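Down below is the structure, laid out as structure tokens.
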Amino acid sequence: MATGLTLDPDAPSGGIHESIRDDHHLGVTLRPGLMSGFAIAAYTSDRNTTEADVWKRWNAAKDATDRWLKPRRLILIDITGGLPGDGPARDDKLIIRAFNDDAVCDERVIVFDGGPRDADERAARWLCANTLGPVHAEGRGQEWDYGKVPDSDTALWRQRAADLLAAVADERN
């Protein structure tokens, strides 16, 4: 698997799709494209009519002499990696910082795990891990990674994954 923020050039949109309605939506499909990617949507509010207004509020709070004055009702998203010409890298990540009305920041860091290298193996692992639902996915995924899934089950999931990927390839053609 190509770990990191590498766009999937084979995706219908070339890897990036956006739409503007009541919100501004940006979706990113990462290589290899099978269940990989992220999306971001932004909505205007009474305090954030333009991006310039948001940056004015951010910089005013950041540069203020009052050490307790902090950004409020803002979300910052840092994307590390994925620039044109970048290859996949294990240090690619998304950092999302959300400041609430009390200026408390909730920070989430999303990193990428290499997982299995080829599409068939990734699909088989995903199918095996998610059969019992999302509650069991992490544990079953680790069992697959550590070779604790019985050989007969592994063969079954690999066959089902091959069938699924063949059907997807047929749909694209």
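Note that the structure is a prediction, hence the values are computed from the model and not measured.
Scanning all heavy atoms of the two residues, the minimum distance from Leu76 to Phe99 falls at CD1-CE1, 4.4 Å.
Partners of Ser152 under the side chain to side chain donor-acceptor pair (under 3.5 Å) rule, at least two apart in sequence or in another chain, do not exist in this structure. Listed by chain and number, the residues in a side chain to side chain donor-acceptor pair (under 3.5 Å) with Asp151 amount to none (sequence neighbours excluded). With sequence neighbours left out, Asp170 forms a side chain to side chain contact (heavy atoms under 4.5 Å, CB included) with no residue at all. For Ile79, the side chain to side chain contact (heavy atoms under 4.5 Å, CB included) partners at least two apart in sequence or on another chain are Leu5, Phe38, Ile77, Leu94. Here Asp102 pairs with nothing under the side chain to side chain donor-acceptor pair (under 3.5 Å) rule; sequence neighbours left out.
A single hydrophobic cluster is seen to contain both Ile75 and Leu26, as judged by linkage of ILVMFWY side chains at heavy-atom distances under 4.5 Å, directly or through other members. Transitive grouping of hydrophobic side chains (ILVMFWY, heavy atoms separated by less than 4.5 Å) brings Ile110 and Val28 into a common cluster.
Between Asp78 and Arg97 there is a salt bridge, with a side-chain nitrogen of the basic residue lying less than 4.0 Å from a carboxylate oxygen of the acidic one.
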Which side-chain N or O atoms in residues 156-166 pair as donor and acceptor under 3.5 Å with protein atoms at least two apart or in another chain?
unit_1 : atom_1 : unit_2 : atom_2 : d
Arg158 : NE     : Glu121 : OE1    : 2.9
Arg158 : NH2    : Glu121 : OE1    : 3.3
Arg158 : NH2    : Glu121 : OE2    : 2.9
Gln159 : NE2    : Asp163 : OD1    : 2.8

Which donor-acceptor pairs under 3.5 Å do the side chains of residues 134-142 make with protein atoms, sequence neighbours left out?
unit_1 : atom_1 : unit_2 : atom_2 : d
Arg140 : NE     : Cys128 : O      : 2.8
Arg140 : NH2    : Cys128 : O      : 2.9
Arg140 : NH2    : Thr131 : OG1    : 3.1

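Separating the CZ atom in Arg125 from the CG atom in Asn130 is a distance of 9.0 Å, to the nearest 0.5 Å. The NZ atom of Lys148 lies 15.5 Å from the CG atom of Asp153; values are rounded to the nearest 0.5 Å.
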